[in-house]
Amino acid sequence: MYRTHTCGELNIKSVGINVALSGWVQRSRDLGGMTFIDLRDRYGITQLVFNMDTNATLCEKARKLGREFVIQAEGAVAERSNKNLKIPTGDIEIIVQKVEVLNASEVPPFTIENDTDGGEELRMKYRYLDLRRTIIKESLELRHKMAQEVRNYLGSKNFIDIETPMLIKSTPEGARDFLVPSRMNHGQFYALPQSPQTFKQLLMIAGYDRYFQIVKCFRDEDFRADRQPEFTQIDCEMAFVEQEDILNVFEGLIKDLLLKIKGIEFDGPFPRLSYNEAMEKYGNDKPDIRFGMCIKELSGLVKGKGFNVFDSVEYIGGICANGCADYSRKQLDALTDFVRRPQIGAKGMVYVKYNTDGTFKSSVDKFYDENELKKWTGHLEAKPGDLLLVLAGDKSGTLNALGELRLEMGNMLNLGNKDVFAPLWVLDFPLLEWDEETKRFYAKHHPFTSPRPKDISLLDKDPAAVRANAYDMVINGVEVGGGSIRIHDRHLQQKMFKVLGFTNEEAEEQFGFLMNAFRYGAPPHGGIAFGFDRLVALFAGHESIRDVIAFPKNNSGRDVMIDSPATISNEILKELSIKIESQKK
Ligand code: ASP
């Protein structure tokens, strides 16, 4: 028997019993005639003691045990004189009578501690060592607990877990597909699912009116910090529902998770914002509402006073940063540089300091006197000591820049407490998005999303004005989930494909199976998918979803441990009839 107990379970009540423990050597210390070893396994750390006076041979043996050796130790549990209050086993230690090396270890390339000396790339290369660190282990345990709770909650609401295939045909979620060549079907490829979207709709048509799956999805997208080429969704679909039904069930899921996992009771319904409100107040369709600092339009107040920069633009708006009137020139310059970054795109920034003594100082004093500035501060509800930051330009770009500036200020002022969870629904998204480059509309969500019934007539006249029956759930500025009520009428779906620029043949070729299914009694249905990695990262308080994925890919989509993707031998390529062209310079 390798072990009678784990390294996390012995305590003062165990004193006197003989035990066997197995695990890894976390660290060892020689103190005079004694050697102490911290033995670690998944469950905790237990101190082993070896005494030179009572058993010199054993003590010598213990001194040779290096970090990360796998050992088995047998001995008696004793009360410690020098207790460690920080760990559950800190009251006891094992007086070792026998120790055996189960496997030696080379010196690990970084320390297996929460505060490790290993950089990210090195840790990813040796991810199996990185995974030994408590901080990562706790994330994976949390992930497991959350998955269990999701199953419990959805199971209790009659959802059933149904698997859908991985080798499929393209699903239009807006990214590129990962492709898998088919050996048996010469020249043909499977696509890995960007989501189970079409399958879950087919399940509704098949009568399985509540489906869910915790499922891998694959999207070949450019890298961003909160993205991985393969990621996990809690994917759900329901039949015979309206938007309100879906919002209720899934608000319930998040409340259940907050309560069971974080012990947070969320009173009342989640706030709801329309897409337009979100953009106008927060400059963002996934607003972080843990803090205010909302954007307000100033155009009416500031135009027509001879300041050409404001007079010549579509929109002027500002935010009020509480208690920042004492910002130095340097701090204001840094903010100006921030909004001028190409990804943010503002041309410049105007500030107004509402000093604590009631006076004003602004970067536009030449054009606006105190009386005028007082109107601005009044409109933005500023108090003495506050600072107004104002941007101008085209409406959507300026709102976006103000949104980024608001988040930057929120960060600098530490307004986003990680232990606070501020969920909300964002509703009434536009159905379509115009793309200037290709001069066509794209589905903002995906092509199966239904327009709001009262907007259907606008599809022909003014497609850009059509709102969708779609919703996103946002927590602390992270879009954790999104979905929609679907189109279940064949003709409306056909029309939608047409608006999106598909010919009848293209629509038939790609989605004929779904359009056909709509002929055989498709019930009204809708659903949602949550980004499970993001949700876990948020609950764990981690910035990156990589911290909650056992084997993530790096910034370039590589797994540096197994060294993938990799080239394929010529024989295999031949079997697949694939020829690799040498890369053009
Ligand atoms: N399939 C959608 C997505 O992955 C979610 C949904 O509409 O249910 O974003």
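Just so you know, ligand 1 is whichever comes first in the structure, and atom 1 is the first atom listed for that ligand. Since the model is a prediction, treat every value here as computed from it, not as a measurement.
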Contact atoms of ligand 1, heavy-atom distance to Ile528 under 4.0 Å: 8 (O)
Side chains of Phe530 and Leu253 in contact at under 4.5 Å (non-hydrogen atoms): yes
Close N or O approach (Ser195, ligand 1; < 3.5 Å): yes
Exceeds 12 heavy-atom contacts within 6.0 angstrom, atom CG of Asp462: yes
Ligand 1 contact on Gln201 by region, counting heavy-atom pairs under 4.0 Å: neither
Protein contact to atom 7 (O) of ligand 1 [nearest heavy atom, distance to 0.1 Å]: Arg486 NH1, 2.7 Å
Under 3.5 Å: donor-acceptor pair, side chain of Arg534, backbone of Val480: no
Heteroatom distance test (His445, ligand 1): nitrogen or oxygen, under 3.5 angstrom: yes
Thr449 and ligand 1 - part of the residue with a heavy-atom distance under 4.0 Å: neither
Nearest non-hydrogen protein atom, atom 9 (O) of ligand 1: Glu173 OE1, 3.7 Å
Cationic tip of Arg440 above Tyr442 ring, under 6.0 Å, 45° of axis: yes
Under 4.0 Å to a heavy atom of Gly483 - the qualifying atoms of ligand 1, by number: 6 (C), 7 (O)
Residue selection (non-hydrogen contact nearest atom 5 (C) of ligand 1) among Pro193, Ala175, Gly531, Gly482: Gly482
Sub-3.5 Å N/O-N/O distance, Ser484 and ligand 1: no
contact_flag Gln233 ligand 1 heavy-atom lt 4.0 Å: yes
Sole candidate of Pro193, Ser195, Pro229 that passes side chain to side chain contact (heavy atoms under 4.5 Å, CB included) when paired with Phe218: Pro193
Donor-acceptor contact below 3.5 Å, side chain Thr116 vs main chain Gly118: yes
Any N or O of Arg219 closer than 3.5 Å to N or O of ligand 1: yes
Phe511 ring center within less than 6.0 Å of Phe448 ring center: yes
Heavy atoms from other residues, nucleotides or ligands near OH of Tyr128 exceed 12 (cutoff 6.0 Å): yes
Best match, Glu237, Lys200, Glu479: closest heavy atom to atom 8 (O) of ligand 1: Lys200
Between Phe421 and Phe539, ring centroids under 6.0 Å: yes
